[in-house]
Amino acid sequence: MSIFALIDCNNFYASCERVFQPKLNKKPLIVLSNNDGCVIARSQEAKKLGISMGVPVFKIKNIIQKHSINTFSSNYALYGDMSSRVMSILAEKCPDIEIYSIDECFLDLESITNDPVKWCKKIRQTIFKWVGIPVSIGIGPTKTLAKVANKIAKSDITTKGVFSLHNTNDVEIDMVLQNIHIEDVWGIGRQWSKMLHINKIFNALELKKSSEIWIRKKMGITGLRTLKEIKGIPCHRLELEPIQSKSVRCSRTFGKAVGEKEKVFDAIRLFVQIAASKIRKKKLACRAIQVFVSTDRFNKNIEQYSNSAVSTLITPTSDSIVLVLEARRIFNRLWKDRYLYRKGGVLLLDLFPKQTIIPGFFPDTKKENYQLMQAIDKINEKFGRNCLELGIKSKKSEWKMKQHNVSSKFTTRWKDIIKVSAN
DNA sequence: TCTGGGGTCCTAGGACCC
DNA sequence: TCTGGGGTCCTAGGACCC
């Protein structure tokens with residue numbers, strides 16, 4: 001029997017910003033999405049002010065001003081690096097680890113300790129001391145129950161950040177489940193919550209007591225698994241091997257709407273290159289590429305259009321030149337004049353490891369291109385992403401993102417490293 | 001004026017085959 | 001007039017996650 005522990009960094013992006021600017025402790029702080037559009041992370045103080053997750057910034061302008069909330073554009077170089085620091089501490093202490101997202105991982109403590117709560121309290125202190133990031137830990141017999149426990153660990157300060165449902169009797173578990181709203185259960189999103197509410201299921205205990213056949217019918221195999229996990233029957237195991245990605249996407253909302261074909265393709269061309277360099281880094285190749293464009297779905301005053309198309313490649317590739325040419329063909333098919341485009345993107349699909357590729361009769365990746373890609377990747381890695389691009393680099397692209405307040409790359413760029421003086 | 005980005009899995013239905 | 005049964009593969013859309 002596994003003992004699942006879910007380690008979750010508290011308000012992760014907000015906490016990362018704070019590590020290097022301790023003057024922000026106890027102050028409300030928010031981190032924004034690309035384009036500085038939505039709120040994607042909030043410190044505890046900001047949550048208390050009623051700022052909800054995902055809210056568009058323009059709707060809370062007043063609150064931001066009134067409480068002088070510290071506002072940051074997202075800084076993924078910093079968050080990614082802080083994440084790997086936290087994860088490496090955990091991986092060293094517990095080899096059975098599944099990194100689930102940038103700020104979360106599951107552990108199996110079964111072979112590590114007889115006292116999971118004690119072990120978790122200690123690791124929590126270690127992480128805070130060594131990296132400066134506060135974490136919460138939930139423990140349970142299934143991943144879903146560990147998630148539930150984590151929720152308690154976060155919201156109930158008397159738990160001091162660790163809460164366990166492992167070796168807990170049914171009566172106690174049910175008392176906990178009764179206080180978990182159905183929409184807070186892992187695997188139950190907006191649509192299913194709505195459906196369950198209509199059917200008078202409002203909390204996790206009511207879900208636990210509902211009929212398996214009915215849930216299977218209404219929510220498919222996925223829903224049934226969630227129900228079983230709530231009952232304490234594991235349906236999701238720990239994924240020890242990092243899962244091979246099956247697709248890679250690069251898409252952006254443009255800083256403003258764009259109507260000219262070549263300007264939109266400037267963006268698409270760059271997205272292809274970003275996505276291609278991502279798969280090259282993972283030593284993968286793709287067998288298909290998808291391109292999509294769309295107008296501003298929030299603007300009710302303009303005519304809407306969105307479309308996407310996929311193209312399959314004869315020989316799998318990670319060559320930016322080949323992929324840009326293919327994207328161009330797809331793009332020409334999709335493009336319609338007279339619309340104002342607000343978003344575009346590229347997906348590289350059907351990925352698999354490069355070594356396993358059998359060259360086709362007409363190979364479409366030239367050796368010279370391969371070397372060129374390697375050179376481009378090296379230069380971009382050294383001098384900053386997209387410093388070298390295919391095509392003509394426009395000086396000022398209309399579609400570029402807005403980012404007004406990005407913090408420094410404290411941990412990944414030499415000139416941003418904080419200096420400590422002796423006095 | 002201003003509404004993110006990147007993933008996965010499941011299912012139903014159509015095309016096609018024998 | 002009659003209109004099978006069983007299988008695979010692919011795709012689009014819908015749900016979820018962070």
Side-chain angles (χ1 to χ4, degrees), chain A residues 6-9 11-13 30-41 52-62 64 71-76 79-80 83 98-106 143-144 147 150 182-196 215-226 229 235-236 239 242-257 271 274-275 278-279 282 287-288 290 292 294-302 306-312 342-351 401-404:
Chain A
L6 174 67
I7 289 86
D8 190 322
C9 301
N11 317 321
F12 183 55
Y13 297 169
I30 54 177
V31 179
L32 309 182
S33 63
N34 284 339
N35 276 323
D36 291 346
C38 300
V39 175
I40 54 167
S52 49
M53 184 69 175
V55 68
V57 176
F58 71 89
K59 285 190 181 168
I60 53 163
K61 271 263 141 69
N62 292 339
I64 292 176
T71 306
F72 289 90
S73 304
S74 28
N75 180 350
Y76 289 102
Y79 312 148
S83 170
E98 172 191 340
I99 295 171
Y100 180 68
S101 74
I102 194 164
D103 70 334
E104 273 178 64
C105 69
F106 287 102
K143 282 181 164 181
T144 307
K147 276 267 187 187
N150 188 281
I182 195 72
E183 59 269 26
D184 292 336
V185 173
W186 189 46
I188 312 277
R190 281 243 294 280
Q191 300 306 313
W192 286 351
S193 292
K194 218 193 299 175
M195 185 277 293
L196 291 168
I215 291 290
R216 173 72 178 85
K217 207 170 78 194
K218 287 286 204 183
M219 295 160 65
I221 193 75
T222 322
L224 182 59
R225 283 190 193 129
T226 298
E229 286 241 323
C235 295
H236 302 292
E239 303 287 348
I243 298 164
Q244 186 73 257
S245 21
K246 291 168 181 149
S247 67
V248 157
R249 167 199 295 247
C250 179
S251 70
R252 298 281 184 280
T253 302
F254 306 149
K256 65 177 193 177
F271 301 161
I274 293 172
K278 274 191 204 169
I279 69 168
K282 298 177 180 201
R287 203 163 10 194
Q290 179 176 6
F292 68 89
S294 75
T295 50
D296 186 350
R297 67 197 162 103
F298 295 105
N299 189 345
K300 299 283 178 262
N301 301 322
I302 59 164
S306 76
N307 204 353
S308 75
V310 184
S311 164
T312 310
R342 192 66 206 292
K343 189 173 178 152
V346 169
L347 284 94
L348 302 183
L349 307 161
D350 213 352
L351 301 175
M401 298 189 299
K402 283 177 264 178
Q403 284 206 312
H404 289 307

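Every chain is numbered from 1, with letters handed out A, B, ... down the list of sequences.
- Across A/Val57, A/Val55, A/Ile64, A/Ile40, a single residue satisfies side-chain contact (heavy atoms from CB on, under 4.5 Å) together with A/Ile30, and that is A/Ile64.
- Atom CD of residue A/Gln191 and atom CD of residue A/Glu183 lie 13.0 Å apart, to the nearest 0.5 angstrom.
- To the nearest 0.5 angstrom, A/Arg252 atom CZ is 5.5 Å from A/Ile274 atom CD1.
- To the nearest 0.5 Å, the span separating CG on A/Leu348 from CZ on A/Arg287 amounts to 13.5 Å.
- Between A/Ser247 and A/Ser33, the residue anchored nearer the 5' end of DNA chain B, judged by the nucleotide with its closest heavy atom, is A/Ser33.
- Residue A/Val248 is classed as a sugar-phosphate contact, given heavy-atom separations below 4.0 Å to backbone atoms only.
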A correct dot-bracket answer for DNA chain C, with pairs being Watson-Crick or G-U at under 3.5 Å, [ ] for crossing pairs and | for inter-strand pairs, is ....||||||||||||||
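- Residue-level contact check: A/Ile188 touches the backbone only, with heavy atoms under 4.0 Å from sugar-phosphate atoms and none from bases.
- Note that the NZ atom of A/Lys143 and the NZ atom of A/Lys147 stand 10.0 Å from one another [nearest 0.5 Å].
- A/Val346 comes within 4.0 angstrom of no nucleic acid atom, judged by non-hydrogen atoms across all strands.
- Counting non-hydrogen atoms under 4.0 angstrom, A/Lys147 reaches the backbone sugars and phosphates but no base.
- Side-chain contact between A/Leu6 and A/Glu104: present, with at least one pair of heavy atoms (C-beta onward) separated by less than 4.5 Å.
- The residue among A/Cys38 and A/Gln244 whose nearest nucleotide of DNA chain B lies closer to the 5′ end is A/Cys38.
- A 4.0 Å heavy-atom criterion places the boundary nucleotides of DNA chain C facing chain A at C/dA15 to C/dC18, written 5' to 3'.
- Taking CE from A/Met195 and CD1 from A/Ile182, the interatomic distance works out to 9.0 Å, rounded to the nearest 0.5 Å.
- In this structure, the side chains of A/Val39 and A/Val31 stay at 4.5 Å or more apart for every pair of heavy atoms.
- Counting non-hydrogen atoms under 4.0 angstrom, A/Asp103 reaches the backbone sugars and phosphates but no base.
- Taking every heavy atom of both residues into account, A/Ala275 and A/Cys250 meet most closely at CB-CB, 4.2 Å.
- Nucleic acid contact class of A/Lys246 (heavy atoms, under 4.0 Å, all strands): sugar-phosphate only.
- Distance check on atom P: C/dC17 versus B/dT3 gives 25 Å, rounded to whole Å.
- Using a 4.0 Å heavy-atom distance criterion, A/Arg216 is classed as a sugar-phosphate-only contact.
- Nucleic acid contact for A/Lys218: none, since no nucleic acid atom lies under 4.0 Å from a heavy atom of the residue.
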